[in-house]
Amino acid sequence: MPPAPSRKERRRFPSFLRPMTTTSIAVEESPRIRTLLALADDALILGHRISEWTGHAPTLEEELAFANIALDLIGQARALYQATGQNEDELAYLRDPHRFRNALIAELPNGDFAFTIVRLFLVSVASDQFWRSAVQNDDPDIAAIAAKAQKETAYHVRHAADWLVRLGDGTAESHRRAQNALDALWPYTGDIVDRDAWLQAVAPVLARATLTQPAEGWMQPSGRDGRHTEHLGHLLAEMQILPRTYPGATW
Amino acid sequence: MYSQALNTRDTSTDSSPEAIRFQARIDDEQRIEPNDWMPEAYRRTLIRQISQHAHSEIVGMLPEGNWITRAPSLRRKAALLAKVQDEGGHGLYLYSAAETLGVAREDLEDQLLSGRAKYSSIFNYPTLSWADIGTIGWLVDGAAIMNQIPLCRCSYGPYARAMIRVCREESFHQRQGYEIVLTLCRGTTEQKAMAQDALDRWWWPCLMMFGPPDTDSLHSDTSMRWKIKRFSNDGLRQKFVDATVPQGHFLGLTFPDPELRFDETEGHWQFGAIDWDEFRAVLSGNGPCNRERLEARRKAHDDGAWVREAALAHAAKQRKTA
């Protein structure tokens, strides 16, 4: 906490003109920390989105599955934040939106069940490929996290792919919704690193789901530089409200 | 999270050999299993009680789910999400236990959505601050455990076995909730005020969770004879108060009851009169969140209709090609 303003300062600046103290933190981002934050923020933000389904999913079984996936992702985020050597809660709760390094696709609102499933599928296929290779990573922290994360992510891919096929090859309505979601989300997949490998894994599932793979056209920027959609600010305003409102409190 | 044994009318007029054998097995503390003969009233009572319990778990996901996106640390967020997931899991195996009695889960869900089935009145109260999450764990789950431990010995086997797992998870939730409140009470002035405010709002509704006073039970209690229910409402309520008041004092909190005092001769905490008008109002649909809770369940059900249809349509296609 900064010192309280002196009487002289109070006379010069009425309260509404005085600068507000901030609780925000900035992080020195070495290449390693930047990598960890990108991975952690992806997991946290997508995990948060999926957790929003709690109590509102289409079946009771899906409630449990979504909670599982959200828990996996939040767990991965925690391990990755901890690997930076900094406090996990400060990183999650006290950074402003432009300091988040997640890909834009993670922060988009859930939309309908088709949108949530298509996103989970597209993101999980990329994560799955990353974690499987990261088991061999030179960074022992990342390798250790990968050992656990690759098993979790393999399940996320399977779960999302199963649903994608059911929706794509279900009723006319579910097909329409799944195709709309795929078309809307495709431009947010531009920053996937090994795109060829990713396309190879995605295409057969889309075919089984009788969905049309969108053309490789214009792509949204990645978001990893901190330029986000309008949605992230709202997500963080909700997520961060308690630590921001009561700075320094322990929960 | 919660079940309440029902008071049932005495229907002990059946003197058939099956009925006599059935009661003898219960008196002998044997478990009744799905394929065993049972009186229709026993079956109906259990379906009603188990499904109400399942509905309570499902509706109970909403007030706590309200804070998942605002949990104040990542550890708390994960713990709360896991807890709410446990409740969904309880709902699932309670619906499964009810299905062993010859009902379909879909029909039970319809009863909930149409407003014909009841669920615990406690979930019609709002969660207004983070302290409510701790307080629900401490008090609501604490009250639920009091009700549910005896159900682990319920005469109906599938229900009794489901309750063993449910109780194990509930006691974990209860400790977790108490730990949240403890952290708040050791925290800043604002946090402690948050904890006190939550206790002020939840205390009386939690005492109502045990159901109406024993003096209001007009019918002789068949549920007791069938060993679905083993203790009276007032007995369980007193047990809960005796266990909980010292915990609250340890936290440095004040119970919102000026008449609360320890009776040395009885060895019990005596408490003031419960506002049963409020209880009846909430039960009949006029609690603060009754409409919202049902609306949320209906919306989830309606929004999910096309998903369930798609899954069925796809499964049918698979069967055709198989």
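Below, read A as the first sequence line, B as the second, and so on, with proteins coming before strands; counting in each chain starts at 1.
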Discussion item. Can you tell me how far apart OG1 (A:Thr59) and CG (B:Leu92) are? Round to the nearest 0.5 Å.
Written reply: 9.0 Å
Worksheet item: Of B:Asn66, B:Leu62, B:Leu80, B:Val84, which is the lone residue that meets side-chain contact (heavy atoms from CB on, under 4.5 Å) with A:Thr54?
Response: B:Val84
Worksheet item: Going by atom types only, do B:Thr69 and A:Glu238 share a side-chain donor-acceptor pair under 3.5 Å?
Response: yes
Worksheet entry | Worked verdict on A:Phe113 versus B:Asp303 for side chain to side chain contact (heavy atoms under 4.5 Å, CB included) | CA-CA 9 Å; A:Phe113 184 73; B:Asp303 289 353; over 6 Å; no
Discussion item. Is A:Ala92 in contact with chain B via its backbone, its side chain, both, or neither, using a 4.5 Å heavy-atom distance?
Written reply: side chain
Fill in: Heavy-atom pairs under 4.5 Å with chain A, option from B:Arg186, B:Arg75, B:Lys299 with the top count
B:Arg75
Response to the item:
CG of B:Leu74 to NE2 of A:His48, rounded to nearest 0.5 Å, is 11.0 Å
Worksheet item: Any idea which of A:Asp89, A:Ile74, A:Asp169 has the most non-hydrogen atom pairs under 4.5 angstrom with chain B?
Response: A:Asp169
Item to complete: Please state whether the side chain, the backbone, both or neither of A:Leu44 comes within less than 4.5 Å of a heavy atom of chain B.
Response: side chain
Practice prompt. Check whether A:Ala77 gets within reach of chain B through its side chain, its backbone, both or neither, counting any heavy atom under 4.5 Å.
Written response: neither
Practice prompt. Could you look at B:Gln191 and say if it's the side chain, the backbone, both or neither that has a heavy atom under 4.5 Å from chain A?
Written response: side chain
Response to the item:
Ranking A:Gln240, A:Glu173, A:Arg78 by heavy-atom pairs under 4.5 Å to chain B gives rank one to A:Arg78
Discussion item. Counting only non-hydrogen atoms closer than 4.5 Å, does B:Ile180 touch chain A with its backbone (N, CA, C, O), its side chain (CB onward), both, or neither?
Written reply: neither
Discussion item. With rounding to the nearest 0.5 angstrom, report the NE2 to OG1 distance, B:His314 to A:Thr210.
Written reply: 9.5 Å
Worksheet entry | Whether over 12 other heavy atoms sit under 6.0 Å from B:Tyr93 OH | yes
Item to complete: Kindly say whether A:Leu64 contributes a backbone atom to a donor-acceptor pair with the side chain of B:Gln85 at under 3.5 angstrom?
Response: yes
Discussion item. Within the supplied structure, the quantity of interest is the number of heavy atoms (other residues, nucleotides, ligands) at a distance under 6.0 Å from A:Arg176 CZ; does it exceed 12?
Written reply: yes
Worksheet entry | Among B:Gly65, B:Ala316, B:Gly88, B:Ala315, residue most engaged with chain A (heavy-atom pairs, under 4.5 Å) | B:Gly88
Item to complete: Go through B:Thr188, B:Leu81, B:Ile68, B:Val59 and name the one with the most non-hydrogen pairs under 4.5 angstrom from chain A.
Response: B:Leu81
Practice prompt. Please confirm whether the backbone N or O of B:Val307 pairs with a side-chain atom of A:Arg166, one donor and one acceptor, at under 3.5 Å?
Written response: no
Practice prompt. Let me see the working for B:Arg105 and A:Glu61 under salt bridge (charged side-chain N to carboxylate O under 4.0 Å, His left out), right down to the final yes or no.
Written response: CA-CA 12 Å; B:Arg105 198 215 294 186; A:Glu61 285 79 358; 2.4 Å; yes
Worksheet item: Among B:Gly304, B:Ala305, B:Ala310, B:Ala311, who wins on heavy-atom pairs under 4.5 Å with chain A?
Response: B:Ala310
Discussion item. Is it the case that the side chain of B:Arg308 and the backbone of A:Pro58 share a donor-acceptor pair, with hydrogens and angles ignored and the cut-off at 3.5 Å?
Written reply: yes
Worksheet, complete the sentence: Correct closest heavy-atom pair for A:Pro243 and B:Pro72 would be CG-O, 3.4 Å
Worksheet, complete the sentence: Rounded to the nearest 0.5 angstrom, the OH-CG distance for B:Tyr95 and A:Leu60 is 7.5 Å
Response to the item:
The interface call for A:Tyr81 against chain B, heavy-atom contacts under 4.5 Å, is side chain
Practice prompt. Drop me the distance from B:Glu87's CD to A:Glu63's CD, to the nearest 0.5 angstrom.
Written response: 11.0 Å
Discussion item. Whether the side chain of B:Arg76 engages the backbone of A:Trp251 through a donor-acceptor N/O pair (distance < 3.5 Å, no angle test) should be reported.
Written reply: yes
Discussion item. Is there a side-chain contact between B:Trp130 and A:Ile241 in this structure, where contact means two heavy atoms from C-beta onward sitting under 4.5 Å apart?
Written reply: no
Worksheet entry | NZ/A:Lys151: more than 12 non-hydrogen atoms of other groups inside 6.0 Å | no
Fill in: Contact winner vs chain A - B:Glu309, B:Glu109, B:His301, B:Lys77, heavy-atom pairs under 4.5 Å
B:Lys77
Worksheet item: Where on A:Trp53 is there a heavy atom nearer than 4.5 Å to chain B: the side chain, the backbone, both, or neither?
Response: neither
Item to complete: Could I get the full list of salt bridge (charged side-chain N to carboxylate O under 4.0 Å, His left out) partners for A:Arg224, not counting sequence neighbours?
Response: A:Asp42, A:Asp191
